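Shown next, in structure tokens, is the structure this report addresses.
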Amino acid sequence: MITYNDKTKTFRMDTANTTYCMTISQKGYLAHTYYGSKIGDDDVSYLTRQMEYGFSDSPVFREKLSLLDFLPQEMPTDGVGDFRYSALAVTNSTGNNAVELKYKVHQIIDGAVKLQGLPHVFSTATTNAQTLQITTTDNVLGLTVDLFYTIFNDCDAIIRWSKITLDSSSKEEHVYIKKALSASFDMDNDDYETITLNGTWARERHIDRHPIHMGIQKACSVRGETSHQEHPFLAILQKNADWNKGNVWGINLIYSGNFEAQIQRNQFDTIRTSIGINSENFCWKLTPGTVFETPQAVLAFSNEGLNGMSHVFHNLYRNHLIRSPYKNQMRPILINNWEATYFDFDTDKLLNIAREAHKDGIEMLVMDDGWFGHRSFDDSSLGDWTVNEEKVKGGLKNLVDQVNALGMKFGIWFEPEMVSPDSDLFRAHPDWAIQIQGRVPGMSRCQYVLDITRQEVREHIMNQLETILHSANIEYVKWDMNRQLCDIGSANLPADQTGEYFHRYVLALYSMQEKLITDFPNLLLENCSGGGARFDPGMFYYSPQIWCSDDTDAIERLAIQEGTALVYPLSTMGAHVSVCPNHACGRVTPFKTRGYVALAGTFGYELDITKLTKEDRQMIPRQIDLYKKFGMLIREGDYYRIASASENHEYDCWASMSPCKSVGLITFVQLYNHPNMKTRMVKLPCVDSNKIYKVSWPDEDQKKYPPLRLTGSTIMNAGIPIKRDWGDYQAQLIFIEQYP
């Protein structure tokens with residue numbers, strides 16, 4: 001519920017378990033007042049401490065700078081006295097840098113508000129939402145900034161963004177927005193720590209936890225995408241907080257381009273946290289009457305540790321961001337030919353894989369890179385999306401029809417944003433590649449990036465893609481993007497608008513994917529960017545799943561999937577079983593363990609099934625049975641991190657639990673065995689202490705692993721046994737279900 005108390009000038013937003021408050025200060029600044037566990041309906045305006053710095057109704061405000069440099073502001077601005085990190089910076093047409101926002105008016109709106117051209121949360125007929133719109137103005141510039149806050153009655157998340165308008169009556173010819181972050185909030189420090197998600201290609205989103213020090217700590221990307229290296233998320237948490245206890249504040253950005261997320265600890269030992277579009281290389285020109293909208297930021301607070309924070313993010317994204325009809329459906333179990341064949345395939349080889357895969361219950365064949373132009377390696381043909389009939393003999397429809405005749409679905413790989421120098425498209429339109437005139441553009445993976453901000457480029461690409469999709473019964477698309485953006489230049493933009501390019505590129509990407517899923521509403525779209533470089537909530541608006549990482553090694557995936565699941569639902573994580581030695585790191589792990597780890601995601605195979613050993617091959621039908629039995633629980637259940645191999649260096653454990661705590665699936669992976677190692681007891685905080693459960697091992701010999709009857713309190717406090725298996729990288733599944 002959203003309320004406003006006119007007497008105390010305080011806005012209050014209450015979700016089921018949290019409260020967020022703001023106060024209009026005496027001089028009209030909008031001050032952040034409180035965000036955390038739900039509190040009583042009291043006047044908390046004193047929390048802004050505005051009287052401590054000479055703040056009064058006097059026309060002569062002698063300590064304005066002292067106040068602004070301390071006041072916890074909702075939208076801190078640049079150039080007027082708050083010397084901390086700002087959320088909004090504007091330069092006017094004469095080059096002056098200052099913007100000062102004062103409260104003007106507000107309204108409380110039923111439902112969620114749509115954004116133009118950007119992914120956004122939505123409300124449904126069965127779920128109520130409210131949105132608070134606070135209008136602030138800078139009368140000198142003639143600038144209006146509307147601050148938006150949306151809450152839902154089924155989720156503890158708070159969604160923030162802003163709309164910036166240069167009024168049509170403004171005296172300015174134009175202004176330049178140099179920084180426009182989506183959210184900022186201040187809080188007192190209490191020996192807090194922070195978590196960011198960092199990595200590189202094939203090692204994405206590893207959890208990095210460390211104390212908050214003085215100064216600025218920042219995660220960001222300037223690569224044109226969210227990136228493998230850093231991620232648009234950070235958390236603040238109490239020093240003693242763990243997976244199940246303690247206060248945790250998380251912040252995430254619904255955006256797929258350059259971002260910045262930072263924490264600043266200042267002289268007063270307060271913390272300012274903010275997130276939004278990266279201000280580096282960003283500058284947006286506003287003329288009178290025009291509008292700029294920031295992406296939405298998601299704030300998630302929990303006093304039940306990191307697992308509680310994860311539930312807030314997961315529930316929001318599953319219920320109010322992902323739109324795909326596959327959201328609540330079992331995804332087809334696919335086999336992708338990339339690691340099976342790389343570029344060396346033809347129709348016969350693909351059909352052999354499909355025939356054998358179908359025998360074991362696999363439901364879809366995905367044809368990856370190499371089917372178009374004259375592409376036999378990664379140095380040609382991107383942009384020429386026509387079928388290579390020397391490989392795909394008899395044409396694409398012939399291949400798809402034969403796959404369908406087996407009873408299998410068919411999917412295909414594209415990399416629509418890219419162009420190879422060796423391509424008909426580049427030879428005809430070399431100016432369509434992003435480049436700076438007079439410079440030789442840099443290549444990566446022997447490819448350039450197309451300037452999709454140009455309408456004619458977008459139309460050409462989409463026409464080719466849709467021609468392919470109309471030509472055969474294609475039910476799945478993997479949309480890849482294998483390099484970052486540089487040498488930024490566009491024939492479309494004048495010199496004083498080149499700072500708009502990165503954001504315009506993201507908007508163009510969104511428009512292309514919106515068209516794709518609109519024209520093909522039953523298509524299963526999976527986004528990918530060299531693995532997980534675009535694993536962000538912006539892409540969920542268009543695809544219900546994203547390829548989590550190019551590293552399919554089960555042990556490497558433990559840390560990757562742990563960091564990913566900290567923020568994102570398991571149903572969004574593309575995860576496959578691949579062969580050993582693993583193609584990314586050379587490790588050898590049991591086929592069973594590989595299956596259990598992939599079971600925590602969308603589940604599929606990335607291998608040549610015709611070359612598997614008999615023993616491994618026999619496990620595939622059983623793994624598929626497990627996925628079908630537990631898929632709904634994994635997809636819709638509450639995720640709990642039980643133990644982290646990244647922390648203990650010995651074993652990993654997580655659970656999917658039904659919201660009513662009646663059934664749960666626990667996955668345990670033992671990294672290393674030691675002499676004299678005994679049965680391990682794992683305590684599960686995710687059960688109901690008052691219920692009685694049957695504990696079983698659904699994939700083990702029942703004589704070796706007989707079921708147990710245990711109370712929830714015993715499972716929570718004494719634990720369940722994880723029996724020792726010889727050898728490293730062993731894994732077990734444990735199923736718990738409430739006795740009737």
Side-chain angles (χ1 to χ4, degrees), residues 1-51 55-57 67-68 71-77 87-88 100-115 120-121 123 127-139 143-165 181-187 249 251 273 293-294 296-301 316 320:
M1 177 182 293
I2 300 175
T3 59
Y4 174 67
N5 186 321
D6 188 56
K7 182 178 178 181
T8 61
K9 306 297 182 185
T10 299
F11 297 96
R12 180 181 173 119
M13 291 179 285
D14 287 304
T15 67
N17 300 292
T18 72
T19 299
Y20 190 109
C21 295
M22 298 166 283
T23 301
I24 304 169
S25 73
Q26 294 175 2
K27 291 297 184 181
Y29 302 109
L30 188 62
H32 178 78
T33 310
Y34 175 82
Y35 179 38
S37 294
K38 199 163 189 175
I39 59 175
D41 188 15
D42 301 308
D43 178 7
V44 292
S45 60
Y46 65 88
L47 293 173
T48 64
R49 299 186 180 94
Q50 55 186 290
M51 297 306 297
F55 199 80
S56 70
D57 288 324
L67 181 281
L68 290 181
L71 187 70
Q73 297 193 64
E74 280 294 305
M75 181 56 70
T77 59
L88 180 65
E100 186 171 24
L101 300 177
K102 299 290 187 70
Y103 167 84
K104 181 180 180 181
V105 70
H106 73 273
Q107 60 175 325
I108 298 172
I109 304 164
D110 289 332
V113 176
K114 295 182 179 180
L115 277 69
H120 53 270
V121 298
S123 55
T127 303
N128 292 325
Q130 282 186 307
T131 299
L132 171 63
Q133 178 181 352
I134 302 176
T135 300
T136 64
T137 59
D138 182 318
N139 292 328
L143 193 74
T144 296
V145 179
D146 290 297
L147 307 179
F148 292 90
Y149 305 76
T150 294
I151 61 172
F152 295 92
N153 68 0
D154 64 346
C155 179
D156 281 324
I158 295 174
I159 297 85
R160 289 191 55 183
W161 76 102
S162 62
K163 182 172 70 174
I164 305 165
T165 306
L181 303 187
S182 299
S184 178
F185 65 94
D186 299 347
M187 58 194 294
W249 294 261
I251 188 167
T273 304
E293 286 185 310
T294 69
Q296 291 183 334
V298 179
L299 280 60
F301 171 81
L316 178 75
H320 301 292

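Computed from a predicted model, the values in this text were never measured in an experiment.
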What are the two closest non-hydrogen atoms of [X] and [Y], and how far apart are they?
X      : Y      : value
Thr136 : Tyr103 : CG2-CA, 4.2 Å
Thr48  : Pro72  : O-CD, 3.8 Å
Ile158 : Tyr35  : CD1-CE1, 3.7 Å
Ala112 : Ala129 : N-CB, 4.1 Å
Val298 : Ala157 : CG1-CB, 4.0 Å
Ile39  : Val44  : CD1-CG1, 4.0 Å

Ala297: partners by side-chain contact (heavy atoms from CB on, under 4.5 Å), with sequence neighbours left out: Ser182, Ala183, Leu253, Ile275
- request: Could you list the residues that satisfy side-chain contact (heavy atoms from CB on, under 4.5 Å) with Ser45, not counting sequence neighbours?
  value: Thr10, Thr23, Asp43
For the residue pair [X] and [Y], establish whether any side-chain heavy-atom pair is separated by less than 4.5 Å.
X      : Y      : answer
Asp154 : His320 : yes
Leu143 : Thr165 : no
Trp161 : Leu115 : yes
Phe152 : Val121 : yes
Ile108 : Gln130 : yes
Gln107 : Val105 : no
Lys114 : His120 : yes
Asn5   : Phe11  : no

task: Taking side chain to side chain donor-acceptor pair (under 3.5 Å) as the test, write out the residues that go with Thr144, two or more places apart.
output: Asp167
- line: Taken in chain and number order and not counting sequence neighbours, the residues that satisfy side chain to side chain donor-acceptor pair (under 3.5 Å) with Tyr149 are Glu74
- request: Please check if atom NZ in Lys104 has more than 12 non-hydrogen atoms from other residues, nucleotides or ligands closer than 6.0 Å.
  value: no
task: For Glu100, enumerate each residue passing the salt bridge (charged side-chain N to carboxylate O under 4.0 Å, His left out) test, keeping only those at least two apart in sequence or located in another chain.
output: Lys64
task: Please say which of Phe301, Phe185, Tyr34 ends up in a side-chain contact (heavy atoms from CB on, under 4.5 Å) with Tyr20.
output: Phe185
field: From Leu71, Leu101, Ile134, residue fulfilling side-chain contact (heavy atoms from CB on, under 4.5 Å) relative to Leu30
entry: Ile134
Counting only N and O atoms by type, is there a donor-acceptor contact under 3.5 Å from the side chain of [X] to the main-chain atoms of [Y]?
X      : Y      : answer
Thr15  : Cys155 : no
Asp146 : Ser162 : no
Ser37  : Thr18  : no

task: Compute both the distance and the angle, then confirm whether Lys163 meets the cation-pi test with Phe148: under 6.0 Å from the six-membered ring centre, within 45 degrees of the axis.
output: no
- line: d(Ile164 CD1, Asp138 CG) to nearest 0.5 Å is 12.0 Å
- request: Apply side chain to side chain contact (heavy atoms under 4.5 Å, CB included) to the pair Leu132 and Met22, showing each step before the final yes or no.
  value: CA-CA 11 Å; Leu132 171 63; Met22 298 166 283; 3.7 Å; yes
message: By the salt bridge (charged side-chain N to carboxylate O under 4.0 Å, His left out) test, which pairs, at least two apart or in different chains, include something from residues 5-19?
response: Asp6-Lys9, Arg12-Asp14
message: What verdict does the side chain to side chain contact (heavy atoms under 4.5 Å, CB included) test give for Ile24 and Tyr29, after you've listed the backbone C-alpha separation in whole Å, the side-chain angles of each residue and the deciding distance to 0.1 Å?
response: CA-CA 6 Å; Ile24 304 169; Tyr29 302 109; over 6 Å; no
